[in-house]
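What follows is one structure encoded as structure tokens, with my remarks underneath.
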Amino acid sequence: MKELVNKLKGDRVIWSFVALLALFSFMPVFSASSNLAYLGHGTGNTLGYLVKHLAHICIGFLIIYWVHKVPYHYFRAISKIALPVVWILLVYTLLKGTVIAGANASRWIQVPFIGITFQTSTMAAIVLFIFVARYLSKTKEENEPFQTSLIQLWVPVFITLALILPANFSTTALIFTMVIMLTFIGKYPLKYIGFIIGSGVVMLVFFLLIAKAFPDSRFFSRVGTWGSRIENFTTDKPDEDDYQIEKAKIAIASGRLGGLGPGKSVQKNFLPQSSSDFIYAIVVEEYGLVGGVSILLLYLLLLFRFVIASHKATTLFGKLVVVGLGFPMIFQAMINMAVAVELLPVTGQTLPLISSGGSSIWMTCFSLGIIISVTKKDEEIAEENLEKEKRKEALQRLIDRELSEEDLPIDEHEEMYSIEDNSRNPMEAVLNK
């Protein structure tokens, strides 16, 4: 075990927080999956879901391990190549996307011959954030005109957002907000950022107007759901709460300070998506306010560690990659928890590393692997410098030893050896010796 831990490079604190969140996830997932178990095979046996979640977590940590060994600057070039591939996958998702158990939106595609469902928007977000970080680090010393950045940066951004929007408004809003934050940190001109925000609002309004004109189109089928969720959130009338929010509030109120105990949740049998989108409500019901606040603090500590990692990064690209991949992870967690306590409308965002699910866990782990790769760079440089110093000292000791041996007095009785040729026979000197 110690040997395995020694092979882990990068920020050990980030490794620790990720491991804590993953370990904590097993009990809530095991408990909250009973709803899916009854719907799936009517027995209520959640052991299969626990084993499945264990497999997802194990694969996720393997992804972190493999990715963190790759130098992070390799992803700089990969993002430019991967973005068109992501667009193709997003178009395919819009046209041929599937629906998984309990969800009501076609956000997944099924991998052929394997049967695994994959949410393309999560991969699109990672690629887009790295792409934006790449552009900002490339143009740091260059004062490119706005027209150039509009084509090279914002056109790819808006194409990606436009392909995600019809099926997932909350993810689109989160990605757009994070991109704006990333450009602000990357010192993109504020006047241009203001123009981009205004353009984004205009495009969203235009999309909603088209949706109103064609309400029966499958591409705009989610617009009505967005409107109803916002309306239920903003109204204070009795019995106007969304069913999911109502059950989530009951679960949170039942938890009180210490909770009902592991596995003793009642609302998990009634709350849709209790093991994914609303797992935080189950956590508070079973572990109380203590458990809920502990999870919140873990995410905040992880955010603090991301800030430190970004500050320590040796390149601007590394700093922006940590911010672009780390901050959205924490913001997504905050949104999930805020929805459970009705601070925000229902969004469908999962709780990173705790909610069940394959692609969401794997993409989170992929992001963490890149972040740890950034933190590993300083460590590797320090190790290389230390190794160079050791080699230099060893070489100096060898030279000093050779010099000290040359300075030793010659023994008078030692016969001097020479093969100088003073005869006619060229081999005589050797033969005599």
Side-chain angles (χ1 to χ4, degrees), residues 21 24-39 44 46 49 53 100-105 107 168-171 173-174 222 225-300 330-357 360:
L21 288 169
F24 180 81
S25 69
F26 286 101
M27 282 305 297
V29 168
F30 180 66
S31 175
S33 300
S34 60
N35 190 20
L36 294 176
Y38 277 114
L39 292 174
T46 58
Y49 292 92
H53 182 67
I100 64 173
N104 57 356
R107 303 171 185 170
N168 200 336
F169 171 74
S170 60
T171 299
L174 177 63
R222 296 286 300 168
T225 304
W226 305 343
S228 63
R229 286 178 174 177
I230 295 174
E231 183 180 356
N232 292 337
F233 176 75
T234 54
T235 55
D236 295 327
K237 298 178 182 178
D239 301 326
E240 281 295 322
D241 282 337
D242 187 274
Y243 176 80
Q244 299 175 97
I245 290 294
E246 180 183 350
K247 296 301 179 184
K249 289 196 297 185
I250 294 173
I252 291 172
S254 303
R256 299 182 182 273
L257 182 63
L260 302 178
K264 295 182 179 180
S265 169
V266 176
Q267 298 305 316
K268 65 184 180 183
N269 299 314
F270 307 101
L271 184 61
Q273 298 300 305
S274 58
S275 63
S276 54
D277 297 354
F278 285 91
I279 196 169
Y280 187 69
I282 305 302
V283 169
V284 177
E285 184 181 12
E286 294 187 351
Y287 300 93
L289 183 63
V290 175
V293 172
S294 299
I295 293 296
L296 176 62
L297 286 177
L298 272 177
Y299 282 113
L300 291 178
I330 307 302
F331 275 88
Q332 180 181 334
M334 298 302 166
I335 290 172
N336 178 278
M337 291 183 276
V339 168
V341 299
E342 206 182 8
L343 290 177
L344 290 174
V346 177
T347 59
Q349 297 294 324
T350 58
L351 195 59
L353 296 171
I354 294 182
S355 296
S356 64
S360 60

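Both backbone and side-chain heavy atoms feed into the values below; hydrogens, waters and symmetry mates do not.
The two residues I354 and I279 have their closest heavy-atom pair at O-CD1, 3.7 Å. Pairing each heavy atom of I252 with each of A340, the nearest pair is CD1-O, 3.2 Å. Across every non-hydrogen atom of F278 and A248, the tightest pair is CD2-CB, 3.8 Å. Listed here is the closest heavy atom pair of I245 and V339: CD1-O, 3.1 Å. Across every non-hydrogen atom of A281 and A251, the tightest pair is O-CB, 3.8 Å. Considering every non-hydrogen atom in both Q244 and V346, the closest pair reads NE2-CG1, 4.1 Å.
Between Y287 and the choices L289, V283, V284, the side chain to side chain contact (heavy atoms under 4.5 Å, CB included) rule is met once, by V283.
When atom types are taken as modelled, the side chain of S356 and the backbone of S275 share a donor-acceptor pair closer than 3.5 angstrom. Remark: side-chain polar atoms of E285 are paired, donor with acceptor, to backbone N or O of V266 under 3.5 angstrom. The closest donor-acceptor contact from the side chain of Y299 to the backbone of P352 lies under 3.5 Å.
Of the inter-residue distances, the one linking S274 atom OG with I282 atom CD1 reads 5.0 Å to the nearest 0.5 angstrom. The distance from the CD atom of E342 to the CD atom of E246 is 10.0 Å, given to the nearest 0.5 Å. Between atom CG of residue L351 and atom OG of residue S360 there is a gap of 10.0 Å, rounded to the nearest 0.5 Å.
Applying the side chain to side chain donor-acceptor pair (under 3.5 Å) definition to pairs two or more places apart or across chains, none involves residues 252-264.
Side-chain polar atoms of E286 and S31 form a donor-acceptor pair below 3.5 angstrom.
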Could you go through residues 331-338 and list every donor-acceptor pair under 3.5 Å that involves a side-chain atom there, pairing it with any protein atom two or more places apart or in another chain?
| unit_1 | atom_1 | unit_2 | atom_2 | d |
| --- | --- | --- | --- | --- |
| Q332 | NE2 | T350 | O | 3.1 |
| Q332 | NE2 | T350 | OG1 | 3.1 |
| N336 | ND2 | D277 | O | 2.8 |
| N336 | ND2 | Q349 | O | 2.6 |

**OP:** Kindly indicate, with the supporting measurements, whether the criterion side chain to side chain contact (heavy atoms under 4.5 Å, CB included) is fulfilled by L353 and F24.
**Re:** CA-CA 9 Å; L353 296 171; F24 180 81; over 6 Å; no
